[in-house]
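Take a look at the structure set out below.
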Amino acid sequence: MDSATVSAAPIWTRQHLLGLQELSAAEITQILDQAAEFKRLHAQGETKLTPLKGVTVGNLFFEPSTRTKTSFSLAAKRLSADTVDFTSAGSSLSKGETFIDTAKNIEAMGVPLMVVRHSTSGAPHLLAKSLKASVINAGDGTHEHPTQGLLDIMTIREHRGSIAGLTVALVGDILHSRVARSNIWGLTKLGARVIVCGPATLMPPDIERLGVEVNYRLDDVLAEADCVNLLRIQAERQRSAFFPSIYEYAHFYAMNGARVRRAKPDVLILAPGPINRGVELTPDVADGDRSVILDQVSNGLFIRMACLHLCWQAQQRLQAGGHAG
Amino acid sequence: MTSLLLRNGRVIDPARKFDAVADVLIRDGKIAEVGVVTATADEVLDCTRKIVCPGLIDLHVSVRDPGYEEDETTATATAAALAGGFTSIAALPDTRPVVDNRAAAEYVILQAARAGNCRVYPLGAITRDHAGQELADIGQLADGGAVAFTDAKRPVQSAEIMRRALEYTRMFKRPIFTHPQDATLTAGGVMHEGYYSTLLGLRGMPAAAEDIMVSRDIALAELTRGRVHLMCLSTRNAVDRVRRAKQQQIGVTADVAVHHLVLSDDCMQAYDASYKVDPPLRGREHIAALIAGLQDGTLDAITADHQPCAAEKKDRELDQVPFGIVGLETLLPLCIEALVEPAHLTWPQLIALLTTGPARVLGWKDRGTLSPGMDADVTVIDPDVRWTIDPNEFRSKSRNTPFAGRNVRGRAEVVLVGGEIRFRR
């Protein structure tokens, strides 16, 4: 359904979406524009589009997920695709099959688009090399989560008009966060200033070389930040002595009412979730008027529609051109 | 009386500081004469424009036999060794069962005799089952032929156990080989910790993990007057610490794996498991320090750190893939590329690091030299032949190499063990 495609956009040539690191600012903008167009159509009541009619999208979740999986599933259905879900629990993986073989088997059943979530960094890249299908990374280990980065950026752009010139603070566990890396790539390519903020134990080495500033104290960055994105803290990491206690973490990094009052009056509060109320942010902030958390969730659907649509089109063009890329 | 004449090669024998175009006469398996040989021989090999040197020695090869024959067997490992120019290899004890008793050591020797390729010397375990808890039967392993003791890639974490091992092995005049790494800092690690691990979201193994263990093992060698050999040094600080320890006459030696001289951590960007090695590929500054260590004698030997691995084990998620590169058949051209071509080392210096260097680590006086009277373990190298690395041609059973398709220069052409031609290309 080409009418749903944003006109005058450059031709998207990527069959896979593995990360934002390798994308240009123009490519990122193209996804954002396509998502905005899907959102506009949706608002007009066009809740069912047809560009993926007759296509089956495989949701391969080798790591548990609720929100991202539901969002991708719904995005595929809104584009009239059929979906097939795979989760590793109780699957042939537990019988010793490798995840590559699992994916090849699903591909052999006629699934040309694979949404892949995996706990190992680089796993979708390995699949992209092994399959003819398009691979869309739905989060790999501690590497990237491109659709989450895109939906965060889409949400900021909706509220602020553009990304260039904004200061965005990413707060929390930067070391283990794939959301942080995708946000860093996307935001810096579009001209934002990015500050990463969290305890020194959760700050990866040489992170400055990704084009960001490091600050260990949230209170020091509040006055400058146009947006604060609160990354999830996994309580189980506490056992590895990354920080003394959840209580101490919250003392320094939780976004609470007092901190919101010291921030810019128009600050945007984002959280990729799932949130631990009282840890990354307090309930009054999560549900308060600066929070755009539910906008993020809504936009996630349109971002994923855009990614599925663009990658499928690119795959068809590549195959028509006689060489799958 | 059988005789063989290697005629008109560039003969390099670092043990005697010999480097000249000459002939080498071999009679009854021994080196008979080096120089201008006028005597006739049963067989003559023209070695013009070739290098004739002592057979190469690798200090630690993972032979995988018994227990992991899907990766490698003694027959395939020793065939690969010959093709790489090696006449002697020491076999790591990280088999299943572990070589922690005399019978296991003798099995290694038996398998090598059955294969009939190169010489194989067993390395015995330091601790029973490499568990790091109690000493293996070190004295009986020595009686069974173990030339040194090591827990391979599972370094002894307890300083107390390491101390006892260094003290106990002194009685047998054999060194402890160790892979210096503090496991608490590297657990779950996949690659070197630094910019690229941050970029790729892969768990890092900091250089400090190696620096700490090198410092500890040097301190223990000093305390016990024992002999410690550090395998596969990969960090700048480790090289510095070994350099200082040697100046203080502490009983420490060290080697480096050839892939640490040619590859760096940026290679991991491909998420390709064939680059996953332990210790991990490091940054450029570490490579420069390793080369300096080879130049000034801080590092005694170069190894392939041969770690064969069946394809099905490497074709997995990066964190589940075993470490290692299959290296015996690619060591020589990589050494030429990394060290001789950029003029970091001369040919005699390189040959020394592959012959006299490892022989000295093991206290051998009768290997790694072409002195008359010694067993004729000889490697003839064509230093100029250009070829492309093709894993399908490996004698090794495994193909886990990041060097497939690489255009390289130089390789072993003829290999003699005890005067017998065991390999000829």
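Labels below follow one simple rule: chain letters A, B, ... track the order of the sequence lines, proteins then strands, and each chain is numbered from 1.
- In terms of heavy-atom pairs under 4.5 Å with chain A, the best-connected choice from G204(B), P206(B), G194(B), G201(B) is G201(B).
- Between E213(A) and R193(A) a salt bridge is recorded (basic side-chain N to carboxylate O distance below 4.0 Å).
- Comparing T120(A), L210(A), I174(A) by how many heavy-atom pairs each has under 4.5 Å with chain B, the most go to T120(A).
- Contact annotation for R209(A): both backbone and side-chain heavy atoms come within less than 4.5 Å of a heavy atom of chain B.
- Residue contact with chain B, scored on non-hydrogen atoms closer than 4.5 Å, involves the side chain of Q21(A) exclusively.
- A salt bridge links E70(B) with K313(B): the distance from a Lys NZ or Arg NE/NH1/NH2 to an Asp or Glu carboxylate oxygen falls below 4.0 Å.
- A salt bridge links R406(B) with E337(B): at least one charged nitrogen is closer than 4.0 Å to a carboxylate oxygen.
- A salt bridge does not link R241(B) with E210(B): every distance from a Lys NZ or Arg NE/NH1/NH2 to an Asp or Glu carboxylate oxygen is 4.0 Å or more.
- When heavy atoms are compared at a cutoff of 4.5 Å, L126(A) approaches chain B solely by way of its side chain, counted from C-beta outward.
- When L199(B), L202(B), D272(B) are compared by the number of non-hydrogen pairs under 4.5 Å with chain A, L199(B) comes out ahead.
- Proximity of E22(A) to R14(A): side-chain heavy atoms (C-beta onward) are separated by under 4.5 Å at one or more points.
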